[in-house]
Number of protein chains: 2
Amino acid sequence: MQISSRFTVALHIFSCVDTFKDEYKVTSDFLASSINTNPVIIRRILGQLKNAGLIEVARGTGGVTPTRPLAEITFYDVYKAVDPIEDDELFHFHENPNPECPVGRNIHNLLNEKLESIQRAMEDEMRRYTIEDLHEGMEKLLAEEA
Amino acid sequence: MQISSRFTVALHIFSCVDTFKDEYKVTSDFLASSINTNPVIIRRILGQLKNAGLIEVARGTGGVTPTRPLAEITFYDVYKAVDPIEDDELFHFHENPNPECPVGRNIHNLLNEKLESIQRAMEDEMRRYTIEDLHEGMEKLLAEEA
DNA sequence: CGAGTTGTAATTGCAACGGTTACTTCTGTT
DNA sequence: AACAGAAGTAACCGTTGCAATTACAACTCG
């Protein structure tokens, strides 16, 4: 299973907000046009980012503002905000192994720490990247374009 | 999005095959009972593992045999076998960012290596665990039970 | 007040998942 | 040769999540 495109869309949103905040009023329509999707999709993601406390959204007038320095917003924060998972567990464990089977009643214990370490490896790597990295990377790419 | 339970089911299968291979004929019915699901679900997963070259399945008579030493079958092998993903990309990138927008036409380049490194972190950790680890871990758990 | 914008509910089409039934194909045994 | 047991597989179901869309209420500012 793939991780929802909401994640890359959210990163795209942050990059747009950062790049265009002084030039344009960055509304859900504006963002939808850059991302090439529907404004409602954007608003829903903005809502998730807002609920997670990562941004503020100006009602009525429009506009998006990060609530923290960009270096303090990691990919992990964004991921957790837009792709909430039941119990925070990346792996969907089959629910009811047979407790009368020796393997069935021990498999969960056997796998648990291994699955956790795999999930942790992914999430730790996500924590290494921040929105500030996006800011710098985009500046560089735009400079190369010119 | 969670990773399909086919992954933990497949690991459960390997553990059962290893634990019961001398005592019982390990059929899809037998496995379905330990895992507490439908035999057809098991057969479908066995088919995926077979296609990936990880096991052989005895038609007619029943039974599952790994094709390699257990230490040479990693969690990654199992994951790739049962959870095939389009283009092998963990992250679903939104398809059509607007090329007329400076951010839109650069976002893919900007994110690509970062997303790849996150995926790689997960997959590398998956490669650290093998079915042999399951064998040893299960033996230990069963010894503690006795 | 009115224009522009966000917030949100409701609906749609689609795909994947897990489950189930039913049937065919294969294999070893009697 | 027939039979029983088992894998292989197609077809279908209900549920869920996703992305998209329409429609409308709530809000803000000029």
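All heavy atoms count here, side chains included; hydrogens, waters and symmetry mates do not. Residue numbers begin at 1 in each chain, while the letters A, B, ... track the order of the sequences.
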Check whether B:Glu125 reaches the backbone of A:Ala121 with its side chain - one donor and one acceptor, N or O, closer than 3.5 Å.
no
Parallel, tilted or perpendicular: which fits the ring planes of B:His94 and A:His12, with parallel below 30° and perpendicular above 60°?
tilted
Please tell me which of B:Asn36 and A:Thr27 maps to the more 5' nucleotide of DNA chain C, matching each residue to the nucleotide holding its nearest heavy atom.
A:Thr27
So, is B:His94 near the phosphate of D:dA19, with a side-chain N or O under 4.0 Å from OP1 or OP2?
no
At under 4.0 Å between heavy atoms, what does B:Val57 touch on the DNA or RNA strands: base, sugar-phosphate, or nothing?
sugar-phosphate
Can you tell me the distance, in whole Å, between the CE atom of A:Met1 and the P atom of C:dA16?
7 Å
When you check the phosphate oxygens OP1 and OP2 of D:dG17, does a side-chain N or O of A:Ser4 lie under 4.0 Å from one of them?
no
Is it true that, when you exclude A:Lys140 itself, more than 12 heavy atoms of the residues, nucleotides or ligands shown sit nearer than 6.0 Å to its NZ?
no
Does a sphere of radius 6.0 Å around CD in B:Glu86 hold more than 12 heavy atoms from other residues, nucleotides or ligands, not counting ones at 6.0 Å or beyond?
no
State whether A:Glu123 and A:Arg120 are salt-bridged, where the test is any N-O pair (Lys NZ or Arg NE/NH1/NH2 against Asp/Glu carboxylate O) under 4.0 Å.
no
Can you check the A:Ile42 CD1 to D:dA20 C1' distance for me, whole Å?
12 Å
Would you say the side-chain atoms of A:Asp83 pair up with the backbone N or O of A:Tyr79, donor to acceptor, closer than 3.5 Å?
no
Starting from C1' on C:dA16, measure out to NE2 on B:His92 and report it in whole angstrom.
14 Å
For A:Glu95 and C:dG18, give me the distance from atom CD to atom C1', rounded to whole Å.
11 Å
Under 4.0 angstrom between A:Thr37 side-chain N/O and D:dA19 OP1 or OP2:
no
Whole angstrom is fine here: how far is it from CD1 in A:Ile3 over to C1' in D:dG17?
15 Å
When the distance from CG of B:Leu31 to C1' of D:dG5 is rounded to whole Å, what number comes out?
16 Å
Is the phosphate of D:dG8 approached by B:Lys50 (side-chain N or O, under 4.0 Å from OP1 or OP2)?
yes
Would you mind telling me which of C:dA9, D:dT9, D:dG17 lies closest to the side-chain atoms of B:Val40?
D:dT9
Reckon A:Arg44 touches a base, only the sugar-phosphate, or nothing at all at heavy-atom distances under 4.0 Å?
base
B:Ile41 has an atom CD1; how far is it from atom P of C:dT21, in whole Å?
12 Å
From CD of B:Gln2 across to P of C:dA15 the rounded distance in Å is 22 Å
Generate the contact string for nucleotides 24-30 of chain D. Rules: B means base contact, S means sugar-phosphate contact only, - means no protein heavy atom under 4.0 Å.
--BBS--
Starting at the 5' end of DNA chain D, which residue's closest nucleotide do you reach first, A:Asn38 or B:Val64?
B:Val64
What do you reckon, is CD of B:Glu56 surrounded by more than 12 foreign heavy atoms closer than 6.0 Å?
no
